[in-house]
Asks: 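Here's a structure for you.
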Amino acid sequence: MKVFQLNTYSTHTKIVGIIAILISIVAWTTDLTGMVYICPYCRAQRTVIGILGLILITPGASHWIAKYIGLVIGFFGATVAANQHFMHWKKISAGTFEFKENIIIDPFLLSGFALFGIIGLTYLLLFSDKK
């Protein structure tokens, strides 16, 4: 498996979808167990990642309706992630930015990862054809 080739992900969309679902479940588990603080931005992003993963593993993912629904959901999630990420860039510009004490749950880093993930999942949904 060649990790740095797009064809690898395009041909294994079900595996990518399952990984996205697992990431969403783990993220929701940390929220529901109180390991992280309640954040509506984070909740929207982890939900979108899970929904896009579910769409990717369904047999109907190649249908135009599934692609359109995924595009709308992905655009919403990317917008939320970009807004949250930009709020931290504003803090950097103002000189008030600080990483969280526990860097693993830092919203600046997590929103950046979510933005990359959501756009990647949406791309795979739109441009990889199921055969």
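The residues of the chain are indexed from 1 along the displayed sequence. Heavy atoms only: backbone and side chains are in, while hydrogens, waters and symmetry mates are out.
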Asks: For L54 versus T58, what's the shortest heavy-atom pair and its separation?
Replies: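 Residues L54 and T58, closest heavy atoms: O-CG2, 3.0 Å.
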Asks: Do I118 and L109 share a hydrophobic cluster (ILVMFWY, side-chain heavy atoms under 4.5 Å, transitive)?
Replies: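 Looking at the clustering, L109 is in a separate group from I118.
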Asks: Identify the heavy atoms of L124 and L56 that sit nearest to each other, and give their distance.
Replies: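 Nearest heavy atoms, L124 then L56: C-CD2, 4.2 Å.
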Asks: Could you pull out the closest heavy-atom pair between L125 and L52, with the gap in Å?
Replies: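 The answer is CD2-CD2, 4.4 Å.
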Asks: Taking CE in M87 as the centre, count heavy atoms belonging to other residues, nucleotides or ligands within less than 6.0 Å. Is the count above 12?
Replies: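 Yes, the 6.0 Å shell around CE holds more than 12 heavy atoms from other groups.
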Asks: Measure the CZ-CG distance between F99 and D106 for me, rounded to the nearest 0.5 Å.
Replies: 5.5 Å
Asks: Check for me, please, whether I105 and I23 land in the same ILVMFWY cluster - side-chain distances under 4.5 Å, paths through other members count.
Replies: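 Not linked; separate clusters.
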Asks: For A66 versus G60, what's the shortest heavy-atom pair and its separation?
Replies: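 Smallest interatomic distance, heavy atoms only, reads CB-O, 3.3 Å.
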Asks: Within the supplied structure, the quantity of interest is the number of heavy atoms (other residues, nucleotides, ligands) at a distance under 6.0 Å from L32 CG; does it exceed 12?
Replies: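 Yes - once you tally the heavy atoms of other residues, nucleotides and ligands closer than 6.0 Å, there are more than 12.
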Asks: Does one hydrophobic cluster hold both Y41 and L110, with members joined at side-chain heavy-atom distances below 4.5 Å?
Replies: no
Asks: Take a 6.0 Å sphere around CD1 of I65 and say whether it holds more than 12 heavy atoms from other residues, nucleotides or ligands.
Replies: yes
Asks: Search all heavy atoms of S128 against all heavy atoms of S10 and return the closest pair with its distance.
Replies: CB-O, 3.8 Å
Asks: Could you walk me through whether F76 and L71 pass the side-chain contact (heavy atoms from CB on, under 4.5 Å) test, one step at a time?
Replies: CA-CA 8 Å; F76 168 74; L71 181 62; over 6 Å; no
Asks: Any link between I104 and L115 through a network of hydrophobic side chains (Ile, Leu, Val, Met, Phe, Trp, Tyr) touching at under 4.5 Å?
Replies: no
Asks: Do the side chains of F108 and F113 join up, straight or via other hydrophobic residues, at under 4.5 Å, putting them in one cluster?
Replies: yes
Asks: Please evaluate residues V3 and T8 with respect to the criterion side-chain contact (heavy atoms from CB on, under 4.5 Å), reporting the C-alpha separation (whole Å), side-chain torsions for both, the decisive distance (0.1 Å), and the verdict.
Replies: CA-CA 7 Å; V3 180; T8 301; over 6 Å; no
Asks: Salt bridge (Lys or Arg N to Asp or Glu O under 4.0 Å) with D31: which residues, sequence neighbours excluded?
Replies: R43, R46
Asks: Is it the case that atom CZ in F97 sees more than 12 heavy atoms from other parts of the structure closer than 6.0 Å?
Replies: yes
Asks: What is the minimum heavy-atom distance between A27 and T30, and which atoms define it?
Replies: O-OG1, 2.6 Å
Asks: Atom CD1 in I55, atom OG1 in T13: separation rounded to 0.5 Å?
Replies: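 If we round to the nearest 0.5 Å, I55:CD1 and T13:OG1 are 12.5 Å apart.
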Asks: Measure the spacing between NE2 of H63 and CD1 of I69 and express it to the nearest 0.5 Å.
Replies: 10.0 Å
Asks: Would you find more than 12 non-hydrogen atoms of other residues, nucleotides or ligands less than 6.0 Å from F75 atom CZ?
Replies: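 Not buried by this count: 12 neighbours or fewer within 6.0 Å.
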Asks: Please name all residues satisfying ring pair (Phe, Tyr, Trp, His ring centres under 6.0 Å) with Y68, sequence neighbours left out, ordered by chain then number.
Replies: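 If we apply the ring pair (Phe, Tyr, Trp, His ring centres under 6.0 Å) test to Y68, skipping adjacent residues, there are no hits.
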Asks: Applying side chain to side chain donor-acceptor pair (under 3.5 Å), which residue pairs with at least one partner in residues 72-91 are found, sequence neighbours left out?
Replies: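 Qualifying pairs, neighbours excluded: Q45-Q84, H85-W89, H85-S111.
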